[in-house]
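Have a look at the structure below before the remarks.
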Amino acid sequence: MDMVKIGVLGIAGVLTGLMVREMKPQFSAMISMAACVVIFFYAVSRLEALAELFAEMTGYVTIRDGYLEILLKIVGISYIADFASGICRDAGFSAVAGQIELFGKISVLTISTPVVLALLDTVSGFLR
């Protein structure tokens with residue numbers, strides 16, 4: 001049911017933006033961004049349930065807490081970078097959107113290095 005609400009909110013934002021675009025084009029972009037921000041914050045509020053699920057999963061499988069934290073950071077960075085670059089691209093700033101995406105990718109690569117190093121250490125232990 002929540003997806004229906006978000007879908008209606010998105011469509012209402014787009015239709016309102018289209019109606020306003022003919023009279024005041026600068027307000028059209030602001031309406032679109034406002035709808036995006038509302039949807040984004042609603043999605044972030046749902047992350048608490050996901051965090052509880054991850055905590056329950058760690059009880060079943062022995063995973064270092066640091067790895068789960070890294071995974072959550074990677075997911076967060078990916079979503080934020082995608083969201084921010086989408087808004088910039090919609091506003092007509094494709095160059096800024098590209099730089100946000102590049103920074104997000106570099107951030108994910110930087111954060112994931114401890115996991116890659118642990119994987120390489122495990123593989124080298126098997127090969128000995």
Side-chain angles (χ1 to χ4, degrees):
M1 193 63 178
D2 289 335
M3 188 60 225
V4 173
K5 291 178 188 176
I6 295 301
V8 169
L9 176 66
I11 291 170
V14 167
L15 292 176
T16 305
L18 287 173
M19 288 189 306
V20 171
R21 180 181 289 167
E22 293 182 20
M23 295 178 287
K24 298 277 187 176
Q26 64 273 23
F27 290 137
S28 175
M30 289 182 193
I31 290 170
S32 171
M33 288 181 205
C36 288
V37 168
V38 170
I39 293 170
F40 178 75
F41 281 118
Y42 188 77
V44 168
S45 71
R46 308 278 308 252
L47 288 177
E48 184 179 345
L50 190 60
E52 291 173 6
L53 178 67
F54 276 130
E56 185 177 330
M57 285 173 38
T58 57
Y60 296 120
V61 180
T62 56
I63 301 174
R64 286 184 40 200
D65 289 338
Y67 293 151
L68 186 61
E69 184 179 321
I70 289 171
L71 177 66
L72 290 175
K73 284 181 182 180
I74 288 171
V75 170
I77 288 170
S78 300
Y79 280 123
I80 291 170
D82 184 55
F83 176 75
S85 68
I87 286 180
C88 292
R89 194 166 276 113
D90 286 347
F93 294 93
S94 295
V96 175
Q99 293 303 310
I100 290 171
E101 289 172 352
L102 176 67
F103 184 79
K105 291 173 185 176
I106 291 171
S107 296
V108 165
L109 182 63
T110 303
I111 288 175
S112 66
T113 53
V115 175
V116 172
L117 290 174
L119 178 66
L120 290 174
D121 186 46
T122 303
V123 169
S124 69
F126 287 138
L127 295 176
R128 291 182 195 168

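On a predicted model such as this, the values are computed, not experimentally measured, just so you know.
In this structure, the side chain of S85 does not engage the main chain of A97 through any donor-acceptor pair within 3.5 Å.
Of the inter-residue distances, the one linking C36 atom SG with L9 atom CG reads 9.5 Å to the nearest 0.5 angstrom. Residue S94 holds its OG atom at 11.5 Å from CD of Q99, rounded to the nearest 0.5 Å. Atoms OG1 and CD1, on T110 and I74 in that order, are 10.0 Å from each other to the nearest 0.5 Å. For the atom pair NZ of K105 and CD of E101, the computed distance is 6.0 Å after rounding to the nearest 0.5 Å.
Side-chain atoms of V115 and L119, non-hydrogen and from C-beta on, never get closer than 4.5 Å to each other.
Checked against L18 for a side-chain contact (heavy atoms from CB on, under 4.5 Å), the options T16, V14, V20 give a single hit: V14.
Both V38 and I6 are members of a single hydrophobic cluster when ILVMFWY side chains are connected at heavy-atom separations under 4.5 Å. Under the 4.5 Å side-chain contact rule for hydrophobic residues, I80 and V44 share a cluster. Under the 4.5 Å side-chain heavy-atom criterion for Ile, Leu, Val, Met, Phe, Trp and Tyr, I77 and I100 are members of distinct hydrophobic clusters. The cluster map of Ile, Leu, Val, Met, Phe, Trp and Tyr, joined by side-chain heavy atoms under 4.5 Å apart, puts L117 and V123 in different clusters. By the criterion of side-chain heavy atoms lying less than 4.5 angstrom apart, applied directly or through intervening Ile, Leu, Val, Met, Phe, Trp or Tyr residues, F40 is grouped together with I87 in one hydrophobic cluster.
Around atom CD of E22, no more than 12 heavy atoms belonging to other residues, nucleotides or ligands sit under 6.0 Å away. In this structure, Y42 places its OH atom where more than 12 heavy-atom neighbours from other residues, nucleotides or ligands lie under 6.0 Å away. The neighbour count for F83 CZ, taken as heavy atoms of other residues, nucleotides or ligands under 6.0 Å away, is above 12.
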Exercise. Any chance you could lay out the salt bridge (Lys or Arg N to Asp or Glu O under 4.0 Å) test for K73 and E69, step after step, and finish with the verdict?
Key: CA-CA 6 Å; K73 284 181 182 180; E69 184 179 321; 3.4 Å; yes
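Scanning all heavy atoms of the two residues, the minimum distance from I31 to G17 falls at CG2-N, 4.0 Å.
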